[in-house]
Structure formats: C-alpha cells, structure tokens
Amino acid sequence: MNLLVCISKTPETTAKISFIEDNSKFNTEGVQYIMNPYDEWYALVRAIELKEKHGGKVIAMNVGPASNDIIIRKALAIGADEAVRVDAEPDSSMFVAKQIANYAQENAIDIVFCGKETIDYNGSEVASITAEMLDLPFVSYASKMEFDGTTATIERDIEGGVEVVQVEKPFVLSASKGLAEQRIPNMKGIMMAKRKPLNVVEAVGHDSKSKLLSYTMPQGKQEVKMIDPENMDELVRLLHEEAKVI
Amino acid sequence: MGASTLESMINKSKVDKYNHHDYYGIDDLLTEDHLLARDAVRDWVKQEVSPIIENYSEKAECPTHLFKGLAEIGAYGPSLPTKYGGGGMDEIAYGIIMQELERGDSGIRSMASVQGSLVMYPIYRYASEEQKMKYLPKLGSGEFIGCFGLTEPDHGSNPAGMVTNIKDDGDAYILNGAKMWITNSPVADLAVVWAKDEEGKIRGMVVESGWKGFSAPEIHGKLSLRASITGELVFEDVRVPKENVFPEIRGLKGPLSCLSKARYGISWGAIGAALDCYDSALRYSQERVQFGKPIGQFQLTQKKLAEMITEITKAQLLAWRLGSLANEGKASPSQISMAKRNNVAMALDIAREARQIHGGMGITNEYPCMRHMMNLETVLTYEGTHDIHLLITGYDVTGLNAFS
C-alpha cells in the first residue's frame with residue numbers, strides 16, 4: 001500500500017508577520033519555519049500508523065525549494081520511508097495540486113493525506129483540487145479514521161457535530177485535530193532519516209489561473225475604553241455607534 | 001508516556017511560551033542533524049518537562065518516569081556508537097541536546113548527563129567487550145539507570161585522596177568505602193565506582209545495586225536541583241567480580257576523562273538555563289507596565305536584557321567552537337574547563353538579573369528564573385568547582401601547578 005503525505009512548510013506560530021513590496025510579498029526576514037502542524041501531527045502520523053498495521057510505505061511529498069529539505073528530513077525522522085520534493089516555488093494551490101496529482105498517478109498511490117489547511121494561508125484547497133484532478137473521492141476535516149485495508153470509515157468534523165462517511169481506497173483525505181497524536185522524532189530517527197531516499201523531481205508544467213495582488217494586516221487591538229459609571233449615555237452611544245452590538 | 005501525558009493535562013495552566021533566540025545567526029553554523037535534534041528535544045521538554053517541573057521541584061521529588069522518556073528521545077549517550085546504545089551523533093548534537101534539556105531544568109539535564117557521560121561513556125571506553133554488551137544497550141534504552149561514584153565525603157576537589165578501596169580476594173575484589181553527592185544513586189541499578197587497589201592505583205568498576213553490602217541512601221534537604229535525586233554510595237565488603245573491574249585503565253585520568261565529557265555537556269547545558277531566564281525576562285519586560293509604559297522601555301531594564309543576550313551569544317560561540325574541537329578530538333580538558341566555568345557563571349548571573357526584572361513575581365514558581373538560579377548554584381560547583389576550573393586554566397597558561 002502506497003501512502004502519500006503532502007507536507008508544507010509554514011512560518012513558526014510565534015513568527016512576526018509583515019509584508020514587503022507594496023504589501024504584495026510576505027517578508028521572510030528572520031522567520032523560523034516548521035512543518036505545517038496539520039500535516040505533521042495528524043496526516044503524517046496517521047499514515048505511519050496505517051503502514052505499521054497494514055504494511056506498505058509512506059512517501060512524504062513537498063513542493064518547494066531545497067531549503068525545504070529540513071522539514072522533509074523531519075518527516076523521514078518521524079517515520080516516513082521515502083520522500084519526494086518537486087523542485088519549484090509554488091505559486092498557487094492549483095500548481096501544488098497538479099504536482100501531487102501527477103505524482104500520485106504515476107506511483108499508484110492508495111491514499112493521499114493532506115492537513116486540513118496550512119496555518120499560514122489557510123487555503124484548504126490543495127487536497128480538494130488534487131482529488132478532483134485524480135477523479136477520486138475526497139474526505140475533508142477527518143478527525144478519526146478506521147481502515148481495514150480496503151475500506152475506511154472516517155469521522156469528519158462538521159459545524160456543531162460529526163459526520164461519518166465510508167470510502168474505499170484510493171481516496172484523498174484532509175486531516176484535522178484528533179486523527180492522530182503528535183510524534184516527536186528521536187535521535188535514532190533523525191540519524192536514520194539521512195539514509196532514506198529524498199528524490200528531487202522537476203515540476204510538471206502548469207499555467208497559473210490566478211494571481212496574488214496584495215495582503216492587508218488586520219487592525220491592531222484597540223485599547224480598552226473606561227467609561228465613568230455615571231455616564232451611561234456615553235456607554236450606550238459607544239456600544240451602539242462604535243462597537244455596533246446594540 | 002501515559003503517566004506524564006496525564007500530568008501534562010492536569011497542569012495545563014503552565015504553558016511554555018519559550019521562543020527561539022539566535023542573535024548572531026549561530027543556527028547557520030549548525031547542520032540539519034543539529035537543528036532537528038534541537039527542535040525534537042525542545043518539543044519534548046515543552047510537552048513532558050515544563051508542565052510538571054515546578055511541581056516536582058517544589059516537592060523535591062524526582063520525576064522518575066522521565067528516565068524512560070529521556071531514553072526514548074535518545075538523550076543518553078547521543079555521541080556514542082549505536083552498537084553500544086548510543087545515537088551515533090557528533091559532539092555538537094550532544095551539546096545541543098544538553099542545552100535543550102537544561103532549558104527545561106538543570107536536574108533533568110543532570111539525569112541525562114550522568115547516564116550518558118559518566119556511566120555509559122566509561123563503560124564504553126574502559127570496560128571489556130562482554131561488559132559493554134551486558135550493560136550499554138540496557139543503559140541506552142533506559143532499562144538500567146546508572147550513577148557515578150568518585151567524590152567522597154572528605155575528598156571533593158581532590159579526588160586523588162580517595163579512601164574507597166578494593167582488595168584482591170581470588171575471583172573477586174572486596175570493595176569498601178563511601179561516595180557522596182551521587183546524582184541518581186538511590187534509584188540506580190548500577191554504579192560506576194572509582195576506588196584504589198592495593199597498589200594505591202585508582203581503578204574503575206561496575207557495581208550492581210542488588211549486591212550484598214551495597215546501599216545508596218538519599219540525601220535530603222537540598223535547596224538546589226530539587227527535581228534530581230541525589231544520594232550516597234556505601235560499600236561494606238561488597239564482592240565485585242573481577243570481570244566488572246575495567247581491565248586497563250589506572251589512575252585519575254580514568255574518571256577525569258568522564259568528567260571532561262560531562263563538563264563539556266554542562267558548558268552547553270548552562271546556555272539553556274540562561275536562555276530560558278532571558279526569554280522569560282524579555283517577555284515580562286514587554287508585558288509589565290509601570291509609570292505608564294512597559295518596563296522594557298526603561299534604560300536599566302534594557303541594560304540588563306542587552307547584557308544578557310550579549311553574554312549568551314558569547315557563550316554560544318564558545319560552546320560551538322569547543323564542540324567543533326571536540327568533533328576533531330582536539331578539545332583539551334583545560335579548554336573544557338574554561339567553557340564550563342564561563343558558561344555556568346554566565347547563566348547564574350543571568351538568572352539573578354532575570355529574577356530582578358520579574359520583581360516580586362520573580363521569586364515565585366510562576367516564572368522559571370528562581371528555580372534555574374537555585375539549580376545553577378549546584379552546577380557552579382559540581383563537576384569541578386568554579387574556582388578549581390580557574391586554577392586549571394591558570395596551570396595551563398603558566399605551566400605552574402597551584403594544587404601541588
């Protein structure tokens with residue numbers, strides 16, 4: 001069984017976010033990067049668990065430049081068997097999905113695992129576009145998954161509840177919290193990862209159909225306004241006109 | 001990790017907000033192995049140590065469940081060969097692992113440095129192949145916990161004066177004497193013990209805790225390294241089979257080679273404690289408002305913080321260079337003394353300054369500085385005191401021995 005886990009590189013959660021070039025580009029200066037937690041903690045670990053139970057191999061896949069190799073090495077240290085990096089700077093979800101779909105098709109992948117979203121752009125697009133390109137079933141926001149080798153029973157988070165779906169392999173899944181528990185790589189895994197194959201491949205051609213114009217930062221938190229308890233009219237006015245809650 | 005995960009959940013309030021600090025881009029000097037090892041141990045500390053450490057430290061109780069976790073992450077003897085239960089990594093990786101553990105707590109780092117540098121290392125370096133295969137894999141996996149007996153009640157800085165001794169008795173030696181200030185001893189399965197033979201030569205040996213005449217009472221009342229267990233080793237006519245005595249090594253260079261390994265790790269570890277104090281003080285200085293502005297805006301607070309990161313950066317470069325020398329097998333004991341002494345004193349100074357920035361909050365266990373400060377008082381004098389290390393440097397640069 002071939003399990004493909006798509007991993008992204010995202011800024012570390014405490015990174016200070018700013019933009020350059022007329023707010024059209026993310027400022028990478030001084031930013032620390034991590035593997036996207038939904039990919040690492042849930043998608044990758046569940047794939048490794050399935051391999052441990054049913055056999056086969058886990059392939060970690062990333063679309064990005066050579067500087068991403070360290071997060072790919074981490075995926076190998078956690079337990080992926082091999083890795084592939086498409087050597088290109090991704091410019092859209094369509095582009096990334098195209099690369100994944102192409103690889104999945106050529107390598108007889110049984111299940112494609114993605115995180116439910118990356119924690120930087122929160123697109124939640126790659127997994128669904130990949131499924132569409134492959135003409136495969138897609139189960140999103142999976143928080144629990146049982147698998148008998150052929151059929152998967154998956155609980156997915158929906159607004160205010162849980163939906164249970166059944167699907168046969170091959171399929172595409174996006175992982176949310178609960179699908180697995182984080183595994184911290186140990187020193188043995190880190191050293192073994194060096195001997196596992198990391199194949200670098202060229203991107204398949206693709207015309208971008210959208211283009212990014214600019215980013216806007218959210219407004220900073222405003223200071224708390226203190227109102228004299230005698231001045232109820234002012235409080236009512238502020239709640240009505242500024243906060244717009246009454 | 002069942003019990004520890006449960007405890008992590010109970011103590012949810014203690015969120016470890018530690019951020020990475022790398023003022024001089026020293027990460028660029030590190031390899032992928034080093035960075036992955038650092039992040040893994042940092043994640044492990046955030047998950048397993050930070051939520052519980054104040055509690056264990058306050059109770060003066062050793063979180064013994066972490067012995068297994070330290071083994072799982074690979075913190076025991078990371079630079080020893082994998083065949084002997086080690087990690088097959090380089091000396092910088094070992095240093096970084098110690099740094100991240102001590103970022104959590106000096107006591108947790110001590111648990112790991114004793115097992116790796118003072119127990120596994122001498123067995124790896126001096127024991128017979130059969131003894132290595134008997135003990136090392138089990139020490140590496142945490143199935144056995146070890147301790148190291150050199151210091152005696154009347155012989156600390158002068159270990160050559162030891163009185164613990166062995167006498168030949170056919171197929172065994174009879175061991176008598178006592179050792180003091182032994183990290184891990186009350187919970188240890190075995191001890192690497194140094195004792196004089198009948199010729200007055202210092203010999204090393206592995207003594208198992210179950211053997212008749214061997215006891216390891218705990219030392220109570222420590223106001224430092226409270227989450228690490230410390231005890232004595234008492235030997236009353238203990239029969240040590242001859243195969244358990246290291247065949248070749250004679251003299252003080254045996255134990256001193258182990259201490260070099262451990263001191264090297266401490267020179268990195270202390271940076272971790274300093275970083276944690278700096279990190280906490282920096283955050284507090286931005287959150288705490290007095291006279292209408294964050295205290296970080298006051299010049300005297302900035303002086304403290306600026307000096308802290310300057311000293312940390314210098315210590316990081318010292319440790320990195322020492323690590324590079326150690327990788328080439330060229331780090332001399334005197335160079336290790338210099339780094340251990342400088343970096344521990346640096347960390348202790350920073351813990352005190354950081355405590356001040358926190359004001360009254362700094363003396364509570366809401367913040368880590370006071371615990372680190374108390375711990376570092378031990379680190380300042382164990383594995384060679386602050387003063388003795390200075391005399392080692394003095395001897396090295398003058399060629400004149402102040403001890404004789």
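In what follows, chains carry the letters A, B, and so on, assigned in the order in which the sequence lines appear, proteins first and then strands, with residues in each chain numbered from 1.
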**Report entry** Residue A:Met232 excluded, over 12 heavy atoms near CE under 6.0 Å
**Finding:** no

Requested in this report: Hey, could you give me the CD/CG distance between B:Glu72 and A:Asn186, rounded to the nearest 0.5 Å?
Outcome: 8.5 Å

Report task. Kindly check if the number of other-residue, nucleotide or ligand heavy atoms within 6.0 Å of NZ (A:Lys51) is above 12? Result -> yes

Report task. Taking atom OH of B:Tyr24 as the centre, report whether more than 12 heavy atoms of other residues, nucleotides or ligands fall under 6.0 Å from it. Result -> no

Requested in this report: Kindly compute the distance separating CG (B:Asp39) from CD (A:Gln32), expressed to the nearest 0.5 Å.
Outcome: 8.0 Å

Query raised in the report: Should we count NZ of A:Lys196 as having more than 12 external heavy atoms under 6.0 Å?
Result: yes

Report summary line: When rounded to the nearest 0.5 Å, the distance separating CD1 of A:Ile184 from NZ of B:Lys46 is 11.0 Å

Requested in this report: Indicate yes or no: at least one non-hydrogen side-chain atom of B:Gln47 is less than 4.5 angstrom from one of A:Gln182.
Outcome: yes

Report summary line: Between the CD1 atom in A:Ile190 and the NE2 atom in B:His34, the distance rounded to the nearest 0.5 Å is 10.5 Å

Requested in this report: Step through the shown structure and confirm whether more than 12 heavy atoms of other residues, nucleotides or ligands are within 6.0 Å of CG on A:Asp22.
Outcome: no

**Report entry** Flag if over 12 foreign heavy atoms under 6.0 Å of NZ, B:Lys293
**Finding:** yes

Query raised in the report: Taking all non-hydrogen atoms of both residues, which atom of B:Ala37 and which atom of A:Met187 are closest, and how far apart?
Result: CB-SD, 3.6 Å

Query - CG-CD distance between B:Asp43 and A:Glu40, expressed to the nearest 0.5 angstrom - result: 7.5 Å

**Report entry** B:Asp22 versus chain A, the contacting section by heavy-atom distance below 4.5 Å
**Finding:** neither

Query raised in the report: Which bit of A:Lys188 is near chain B, if near means a heavy-atom gap under 4.5 Å: side chain, backbone, both or neither?
Result: neither

**Report entry** More than 12 heavy atoms of other groups within 6.0 Å of B:Glu328 CD
**Finding:** yes

Requested in this report: Could you tell me whether B:Asp33 and A:Arg73 make a salt bridge, using a distance below 4.0 angstrom between a side-chain N and a carboxylate O?
Outcome: yes

Report task. First locate atom CD1 of A:Ile71, then atom CG of B:Leu35, and finally report the distance between them rounded to the nearest 0.5 Å. Result -> 13.5 Å

Requested in this report: Taking the side chain as every heavy atom from C-beta outward, state whether B:Thr82 and A:Met191 have any pair of such atoms under 4.5 Å apart.
Outcome: no

Report task. Considering non-hydrogen atoms only, spot the tightest contact between B:Ala40 and A:Pro185 and give its length. Result -> CB-O, 3.3 Å

Report task. Please say whether more than 12 non-hydrogen atoms of neighbouring residues, nucleotides or ligands are located less than 6.0 Å from CZ in A:Phe95. Result -> yes

